[in-house]
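Scroll down for the structure; my scribbles are underneath it.
Note that this is a predicted model, so its numbers are computed, not measured.
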Amino acid sequence: SSISFPALSPKEISNFIETQLAGNGIKVQSDVKVELNYLLSGFDTFTISNELKKLAQLNNKEIQTADLAVITLNSEALIWDLVDLGVTNKSSAFKLLEKLILNDVQVQQIIGFIASQLRQLISYYYLPGSLPPFMRSKISRLAGKISQNKLHLLVSKLADLDIAIKSGKVEPRVGLYLYLLIL
């Protein structure tokens, strides 16, 4: 028998965080709560609990934005947002890229997760039955924003970027910014 810790919907994450913090007598202003929900999105209940315990150990009765630095980033969820924002909101995508880089998320990890998303999009378009239902739903939202033709361009440009970074022809941060511009 194994123990499982369920993933939560955004509303469930918000409620779970609120309950956990209230149980520890910790208050959170609404703007900080939004950022906390964002940082913890994509985690399971076990991980969220552990991250909230870090906040509780700060012994602050009210969590401030600066306190959120103790939270471990969910790089995969943030990179997923990076591609989505790159399509819909370039300014927010650039800010998120800076956040990832400032939190020491490696450029090759960012490229690898973007490549994974693009592979999932390819599967969605060409082999839709190969994706699990929860992934199909997530990918379909992104597919509504990226056409098949654009997808082929994005795959090609990501491979070019990877080679250019590895061969030292482009500075990684600049290359990622340029890639976000074509999303």
Side-chain angles (χ1 to χ4, degrees), residues 4-14 34-45 47-48 51 68 71-183:
S4 73
F5 300 97
L8 303 173
S9 72
K11 178 73 173 156
E12 291 171 323
I13 287 173
S14 181
V34 168
E35 184 154 354
L36 183 58
N37 287 343
Y38 179 72
L39 287 173
L40 295 175
S41 67
F43 284 124
D44 60 27
T45 55
T47 305
I48 292 171
E51 295 302 318
L68 300 181
I71 301 288
T72 304
L73 290 179
N74 182 348
S75 300
E76 186 173 354
L78 290 175
I79 295 168
W80 183 273
D81 289 343
L82 182 66
V83 172
D84 190 48
L85 288 171
V87 175
T88 60
N89 185 332
K90 298 283 189 232
S91 175
S92 293
F94 293 144
K95 288 176 187 172
L96 179 54
L97 178 58
E98 277 303 308
K99 181 178 190 171
L100 289 165
I101 291 170
L102 288 172
N103 283 282
D104 295 324
V105 176
Q106 299 298 307
V107 169
Q108 291 305 320
Q109 182 182 7
I110 295 170
I111 290 173
F113 280 126
I114 292 172
S116 174
Q117 281 180 273
L118 297 179
R119 281 191 302 274
Q120 291 170 355
L121 273 169
I122 290 168
S123 293
Y124 176 81
Y125 280 123
Y126 298 105
L127 300 166
S130 68
L131 293 170
F134 72 92
M135 187 56 69
R136 204 170 325 141
S137 170
K138 195 173 188 180
I139 290 290
S140 70
R141 287 190 298 277
L142 189 56
K145 300 171 188 170
I146 299 175
S147 69
Q148 288 181 359
N149 289 337
K150 178 93 176 214
L151 176 59
H152 292 285
L153 172 71
L154 293 174
V155 168
S156 173
K157 293 296 185 184
L158 187 65
D160 291 346
L161 173 62
D162 189 41
I163 290 169
I165 289 172
K166 288 177 179 172
S167 64
K169 292 180 182 173
V170 68
E171 194 272 326
R173 179 181 280 168
V174 171
L176 285 169
Y177 272 100
L178 291 173
Y179 188 77
L180 288 177
L181 285 172
I182 67 165
L183 282 174

When rounded to the nearest 0.5 angstrom, what distance separates [atom1] in [X] from [atom2] in [Y]?
{"X": "Glu12", "Y": "Ile48", "atom1": "CD", "atom2": "CD1", "answer": "10.0 Å"}
{"X": "Asp160", "Y": "Ile165", "atom1": "CG", "atom2": "CD1", "answer": "11.0 Å"}
{"X": "Ser130", "Y": "Met135", "atom1": "OG", "atom2": "CE", "answer": "11.0 Å"}
{"X": "Leu82", "Y": "Leu183", "atom1": "CG", "atom2": "CG", "answer": "7.5 Å"}

Would you check if [X] and [Y] make a side-chain contact, meaning some heavy-atom pair closer than 4.5 Å?
{"X": "Phe94", "Y": "Leu85", "answer": "no"}
{"X": "Lys157", "Y": "Leu178", "answer": "no"}
{"X": "Leu161", "Y": "Leu176", "answer": "yes"}
{"X": "Gln120", "Y": "Trp80", "answer": "yes"}
{"X": "Leu127", "Y": "Ile122", "answer": "no"}
{"X": "Asp81", "Y": "Tyr38", "answer": "yes"}

* Report yes or no: do Tyr177 and Glu98 form a side-chain donor-acceptor pair below 3.5 Å? =>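 Looking only at side-chain atoms, Glu98 and Tyr177 do form a donor-acceptor pair, the distance falling under 3.5 Å.
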* Considering residues, nucleotides and ligands other than Lys99, do more than 12 of their heavy atoms fall under 6.0 Å from its NZ? ->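 Result for NZ/Lys99: enclosed.
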* Asked: If you draw a 6.0 Å radius around NZ in Lys145, do more than 12 non-hydrogen atoms from other residues or ligands fall strictly inside?
  ->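 Enclosed.
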With distance as the sole test, does [X] use its side chain to make a donor-acceptor pair with the main-chain N or O of [Y] at under 3.5 Å?
{"X": "Tyr179", "Y": "Ile111", "result": "no"}
{"X": "Ser116", "Y": "Gly112", "result": "no"}
{"X": "Gln106", "Y": "Gln108", "result": "no"}
{"X": "Arg136", "Y": "Gly129", "result": "no"}
{"X": "Thr88", "Y": "Asp84", "result": "yes"}

* **Residues Glu76, Lys138: salt bridge by 4.0 Å N-O rule** =>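 Judged by the 4.0 Å cut-off on N to carboxylate O distance, Glu76 and Lys138 do not form a salt bridge.
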* To do: Can you see which heavy atom on Ile79 is nearest to which on Ile110, and at what distance?
  =>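 That closest heavy-atom pairing would be CD1-CA, 3.6 Å.
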